Amino acid sequence: MQEKNDFIDFKDFPKNYDYKVVEEKISKYWEDNDIYKFSPEDKGKRVYSVDTPPPYVSSAHLHVGHVMSYSQAEFIIRYKRMKGFNVFYPMGFDDNGLPTERYVEKKYKINKSKITREEFIDLCLKETKIGIDIYKSLWRSVGISADYSLSYSTIDERCRKTAQKSFLDLYGKGLIERRNEPILWCPQCRTSLAQADVLLEEFAGVLYDIEFKSDEGKSLIISTTRPELLGGCVAVYANPADERYRFLEGKSVKTPLYDKNVPVKYDESVDMSYGSGLMMVCTWGDSEDVKKWKEHNLDTAIIIDRAGRLNELSGGYKGLNVKDAKKSIVENLRKMSLVKSEKPLNHNVGVHDRCSTPVEFILAEQWFVKILENKEKFIDAGNRMSWHPQFMKTRYDEWINNLKWDWNISRQRFYGVPFPVWYCSECGEAVVAHEAELPVDPAVSMPINAKCAKCGGSKFIPENDVMDTWMTSSLTPLINSLWSYEDAESKKIYNTIYPMGLRPQAQEIIRTWLFYTVVKSVYHTGDIPFKDVMISGWGLDRNGKKMSKSLGNFVSPEEITVKYSADALRYWASKANLGQDLRFSEEDVANGRRLTIKIWNAVRFLITNAESDFNPYEKNIKELKLSRIDEWILTEFENTLKSCGNYMESYEYSLCMRTLQDFFYNSYCDNYLEIIKNVFWDESEENSERKKTVLNIMYFISLNAVKMFAPFMPFITEELYLSFYKRYEKDKSIHISFWPEFRNDLVFNDSLKYSAILLNILDASRKLRTNLNLHQNHKVHKILIQALNQDYIEIINDISGDIRSAVRAERLIFSDKADFKTSDDNILIALEK
RNA sequence: GGGCGGAUAGCUCAGCCGGUUAGAGCAUCGGCUUUACAAGCCGGGGGUCGCAGGUUCGAACCCUGCUCCGCCUACCA
């Protein structure tokens with residue numbers, strides 16, 4: 001399989017690591033050999049299933065932050081694979097719904113009134129396909145180990161079928177219903193929204209004190225930030241305990257400009273100390289208006305239309321949008337001296353998360369999934385999952401506790417999964433599809449043999465709305481496990497995959513993807529959707545701001561992988577622990593590249609010193625004649641392995657990488673290899689056994705360390721494995737080889753007291769050489785050592801060979817002439833050329 | 001308003017179930033080029049651990065309060 005880096009003889013092993021050639025070659029090797037393929041038939045292995053996040057395919061926004069979060073999940077997934085799990089790791093693409101529509105609208109500058117639904121959907125599908133290809137090529141280039149034969153796209157047949165089955169199931173269980181009530185509405189996107197689609201943004205507004213009049217003509221001041229809604233005012237409220245306004249009981253007041261009489265009502269929720277203690281209720285300015293309108297059966301005076309413009313109720317302001325209307329009304333009120341004061345006020349306004357337009361309320365018939373009545377069940381499900389990091393669970397709990405609306409799943413859009421619903425043209429009764437006919441597009445087909453259950457009518461009109469995109473995305477564990485299919489094969493997969501093992505995802509979609517997925521799983525299966533949740537932080541730019549397309553502060557992954565390699569970019573991703581934001585740092589990526597080069601050279605040192613008859617398994621390590629320093633490095637390695645394993649088990653991949661890198665650089669390369677390397681400079685016969693021993697240890701440690709680097713740096717580790725280690729190993733990829741087993745028999749606790757002294761002497765000798773301007777490898781005739789402690793003399797005698805090797809001295813002599821201090825007060829050294 | 005996370009060397013971060021002179025990488029300064037690696041190696045300098053109290057023989061670590069940064073959440077119209 002080798003091309004450029006092929007080598008026959010060990011001495012020809014390439015000096016430089018050519019990542020550009022290797023990464024492409026290795027990607028192809030993985031594909032050609034199905035390295036990451038899930039095998040449903042493998043009975044011997046436990047299954048580890050991953051509920052992969054389907055990113056939006058409007059993919060022009062891809063940046064290194066995306067690579068970061070996918071890589072972080074991947075570190076764990078690759079680790080699990082090496083721990084022997086049968087990994088189910090699909091790739092998903094979310095391409096239905098509003099984000100794609102908005103992307104297409106912008107890209108093609110579409111005017112929705114001049115394009116048919118079909119033409120528009122075609123464009124969405126076309127962009128979807130382009131997006132998927134871009135994603136795939138990026139994931140491939142950074143080494144994401146998904147099994148692409150398990151891919152799904154949220155607009156494909158399986159997803160449409162699953163989403164519609166979910167609807168039918170919930171409908172059948174009475175958990176879904178159609179209601180006519182005020183709903184959250186985006187005037188920009190012209191669609192209704194769910195609470196989760198609305199974010200709060202702080203606006204610098206103005207609080208206007210406006211004069212109303214009582215029946216007797218008494219002046220009443222009402223504070224409001226939304227005077228443009230005056231025409232929709234249906235009541236004025238005071239707190240029942242507020243003596244100032246008791247006299248208004250049973251009376252009405254007159255609104256300014258419109259001179260409309262509205263009733264005065266009382267409610268505990270009115271804050272007496274806010275403004276004048278009077279508040280106006282309009283239909284509808286905010287959720288408080290909706291609440292009072294419902295509880296007190298107030299009149300309805302809808303003043304804003306679906307485009308966010310004022311209607312005829314506003315009188316002369318008809319056709320103006322909210323912003324202009326406010327300006328104009330305030331101007332007129334000022335002229336009439338009805339604005340008594342104006343105070344700047346920062347307040348939070350709900351905006352649509354996709355377009356940042358302030359949301360309004362309108363009245364419409366919509367489908368709702370009931371969620372308010374089962375909050376406790378969802379909290380309980382959250383408690384049954386493991387959260388990494390744990391504190392992210394707080395956000396989940398808080399979101400549920402603060403829910404105020406059932407989940408509105410109707411969207412007045414084109415591109416999405418249709419409702420499997422028609423309405424009787426006679427009486428309006430809803431008729432739902434049969435499960436057997438899913439997926440169904442009610443605009444294209446009619447209900448099978450259906451008669452209206454209410455009036456017996458046989459003519460139907462289709463539901464034109466599409467379902468909220470989260471209605472589909474929330475089903476990913478059920479989509480992946482083929483829940484909507486009844487055949488035996490699918491049922492088997494379902495039982496194998498569900499509930500899933502891991503859900504990796506970003507923090508900002510806890511309230512949507514995560515929460516809705518729990519809702520669906522609890523409702524459909526009574527179970528949790530997955531056992532472990534890992535929530536990644538954000539990729540930040542160099543200045544600490546969240547990377548995003550709209551801010552233009554994003555770094556393109558291609559640019560970085562071309563310059564530094566994919567392994568190096570992944571190394572950067574490993575720098576942040578789970579849930580932490582990570583600044584992009586080109587220096588860290590460069591460090592990643594340095595690490596790959598270090599690994600390459602350390603392994604190359606072994607390869608070029610091994611003879612062609614080298615056999616690492618000729619003897620078990622325990623049978624070798626180990627020196628104290630060999631025992632020490634084995635001990636250090638085993639301790640590192642143990643820590644790293646524990647870190648990976650607890651999702652602390654960052655600490656694993658740090659620990660491993662520290663071991664590899666400091667213990668293995670800078671000390672062990674430096675101490676033993678001169679054994680290869682000496683051709684004498686008496687050295688040959690020592691050489692073999694050292695080669696075996698180097699093989700053992702470097703292979704296992706390379707395996708441990710493999711989840712983080714899949715390309716270089718695979719290249720080293722295939723081009724060298726595989727001559728002695730059986731697996732066809734390092735990524736399906738076993739993560740090293742901890743071996744207690746290779747922990748030599750005694751060795752630490754020897755190594756401490758040796759390293760202390762080596763350290764001092766390095767300082768001394770620096771002081772003497774002496775090259776570190778330059779041989780010296782003698783090392784003089786003064787040990788002020790009898791135990792030390794014995795120890796030093798015991799390891800004198802290792803010491804001489806380490807400090808490149810021909811002889812070791814105890815002498816009180818040694819005067820250079822080491823960090824141990826009981827040892828002094830000197831070097832003699 | 002409530003909550004969560006963070007504040008440790010010039011920069012990015014470890015350490016935080018209390019225990020010897022607080023660590024790493026980068027940056028900086030000095031030295032070293034036949035013998036794995038100059039995209040390298042060796043060495044040096046650099047920190048009153050956000051602030052103020054408290055508990056303790058002992059606090060970066062535990063407790064209380066505060067300040068600043070980021071985020072989540074909330075009906076002050």
Side-chain angles (χ1 to χ4, degrees), chain A residues 13 15-17 199-200 205 207-208 222-226 229 236-237 267 269-282 285-292 345 347-348 389-399 401-402 404 507-508 510-511 537-538 540 542 544-546 564 568 572 575-577 579-588 590-591 593-609 654-655 658-659 661-662 665-666 669-670 673-674 677-678 680-682 698 702 762-763 765-779 823:
Chain A
F13 189 76
K15 187 166 159 57
N16 296 314
Y17 172 55
L199 300 176
L200 291 175
L207 186 64
Y208 300 94
I222 286 180
S223 302
T224 180
T225 55
R226 301 203 63 181
L229 297 180
V236 166
Y237 274 78
D267 194 282
S269 69
V270 178
D271 183 348
M272 288 161 39
S273 64
Y274 191 86
S276 62
L278 280 177
M279 78 186 266
M280 71 169 182
V281 168
C282 307
D286 60 29
S287 57
E288 194 60 20
D289 287 350
V290 175
K291 199 174 150 209
K292 292 198 166 53
L345 175 76
H347 60 142
N348 288 321
Q390 176 66 33
F391 67 77
M392 287 290 182
K393 181 170 171 293
T394 310
R395 297 193 185 181
Y396 173 85
D397 290 341
E398 279 187 0
W399 176 251
N401 287 328
N402 286 313
K404 282 181 305 186
Q507 55 187 316
E508 69 269 29
I510 290 174
R511 46 147 69 181
W538 285 325
L540 308 179
R542 291 170 181 82
K545 283 262 182 294
K546 190 188 172 192
Y564 297 99
W572 165 73
K575 297 294 281 184
N577 247 326
Q580 287 180 332
D581 295 343
L582 179 62
R583 263 180 216 227
F584 182 72
S585 150
E586 201 157 328
E587 292 76 30
D588 277 335
N591 283 336
R593 185 178 57 181
R594 271 180 217 129
L595 177 57
T596 63
I597 294 168
K598 193 77 180 173
I599 295 170
W600 183 263
N601 282 306
V603 175
R604 192 166 78 90
F605 180 64
L606 160 65
I607 296 172
T608 52
N609 282 302
S654 179
L655 293 175
R658 181 188 284 266
T659 306
Q661 186 183 351
D662 186 58
Y665 265 85
N666 297 327
C669 293
D670 293 346
L673 293 185
E674 288 302 325
K677 73 200 284 187
N678 61 2
F680 297 106
W681 304 345
D682 182 349
M698 285 161 66
S702 68
L762 175 57
D763 196 45
S765 114
R766 282 170 171 166
K767 283 176 191 165
L768 197 48
R769 281 172 182 271
T770 298
N771 289 352
L772 299 170
N773 286 355
L774 199 59
H775 186 257
Q776 297 296 338
N777 277 338
H778 196 282
K779 274 189 186 156
S823 47

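Every value quoted in this text rests on a predicted model; they were computed, and no experiment measured them. Proteins come first, then strands; the chains are lettered A, B, ... in the order of their sequence lines, and each starts at number 1. Values reported hereafter were calculated over all heavy atoms of this structure, with side chains retained and with hydrogens, waters and symmetry mates removed.
Under the 3.5 Å distance criterion, with hydrogens and angles disregarded, a donor-acceptor pair is assigned to the side chains of A:S269 and A:K292.
In a base pair of the Watson-Crick type (N1 to N3 plus N6-O4 or O6-N4) or a G-U wobble (N1-O2 and O6-N3), with each distance short of 3.5 Å, B:C17 is matched with no nucleotide. Taking a pair to require two hydrogen-bonding distances under 3.5 Å in either a Watson-Crick or a G-U wobble arrangement, B:G43 pairs with B:C29. Checking B:U56 for Watson-Crick or G-U wobble geometry (two distances, each under 3.5 Å) identifies no partner in any strand. Pair check for B:U12 finds B:A24; Watson-Crick or G-U wobble, both atom distances under 3.5 Å. B:G70 and B:C4 make up a base pair, with Watson-Crick or G-U wobble contacts both under 3.5 Å.
Scanning both residues, A:H775 and A:R769, for their nearest heavy atoms gives O-NH1, 2.6 Å. A:G285 approaches A:L229 most closely through the heavy-atom pair CA-CD1, 3.5 Å.
RNA chain B is contacted by both A:L774 and A:S276; A:L774 maps to the nucleotide lying nearer its 5′ end (nearest heavy atom per residue). Between A:T224 and A:N609, the residue anchored closer to the 5' end of RNA chain B is A:N609, taking for each the nucleotide with the nearest heavy atom.
A:N771 comes within contact range of no nucleotide atom at all, as no heavy-atom separation falls under 4.0 Å. At the heavy-atom level, A:T608 lies nowhere under 4.0 Å from the strands shown. Counting non-hydrogen atoms under 4.0 angstrom, A:K575 reaches nothing in the nucleic acid. Nucleic acid contact class of A:R511 (heavy atoms, under 4.0 Å, all strands): sugar-phosphate only. The residue A:N402 sits close only to the backbone: its heavy atoms come under 4.0 Å of sugar-phosphate atoms, none of a base. Across all strands shown, A:F391 has heavy atoms under 4.0 Å from sugar-phosphate atoms exclusively, and none from any base. A:D682 comes within 4.0 angstrom of no nucleic acid atom, judged by non-hydrogen atoms across all strands. Within 4.0 Å of A:R604, counting heavy atoms only, lie sugar-phosphate atoms of the nucleic acid but no base atom. Among the heavy atoms of the strands lying under 4.0 Å from A:H347 are primed sugar atoms or P, OP1, OP2 only; no base atom is included. Backbone-only engagement by A:K404 is indicated by non-hydrogen atom pairs under 4.0 Å involving sugar-phosphate atoms exclusively. Note on A:Q776: only backbone sugar-phosphate atoms sit closer than 4.0 angstrom, heavy atoms only; bases stay farther off. Residue A:Q580 is classed as a sugar-phosphate contact, given heavy-atom separations below 4.0 Å to backbone atoms only. Residue A:K598 is classed as a base contact, given a heavy-atom separation below 4.0 Å to a base.
Side chain of A:D286 to backbone of A:D289: a donor-acceptor contact under 3.5 angstrom is found. Using a distance-only test at 3.5 Å, with no hydrogens or angles considered, a donor-acceptor pair links the side chain of A:S654 to the main chain of A:K575. Although no hydrogens or angles enter the test, the distance criterion places a donor-acceptor pair under 3.5 Å between the side chain of A:R583 and the main chain of A:R542.
For the C1' atoms, the distance from B:A77 to B:G5 is 32 Å, rounded to whole Å. Across the P atoms, B:A60 and B:C16 are found 14 Å apart, a figure rounded to whole Å. Rounded to a whole angstrom, the distance from the C1' atom of B:U20 to that of B:C32 is 34 Å. Only the P atoms considered, B:C17 is 7 Å distant from B:C62, to the nearest whole Å. Rounded to a whole angstrom, the distance from the P atom of B:C4 to that of B:C41 is 44 Å. Nucleotides B:C69 and B:U56, compared at atom C1', are 32 Å apart to the nearest Å. Distance noted for atom C1' between B:A27 and B:C11: 7 Å (whole Å). Rounded to a whole angstrom, the distance from the P atom of B:G3 to that of B:C63 is 15 Å.
Residues A:K767 and A:D763 are paired through a salt bridge, judged by an N-O separation under 4.0 Å between the basic side chain and the carboxylate.
A side chain to side chain contact (heavy atoms under 4.5 Å, CB included) with A:M279 holds for exactly one of A:T224, A:D271, A:V270; it is A:V270.
Along RNA chain B, read 5' to 3', the first and last nucleotides having any atom under 4.0 Å from a heavy atom of chain A are B:G2 to B:A77.
Between A:N777 and A:W681 the shortest side-chain heavy-atom distance falls below 4.5 Å.
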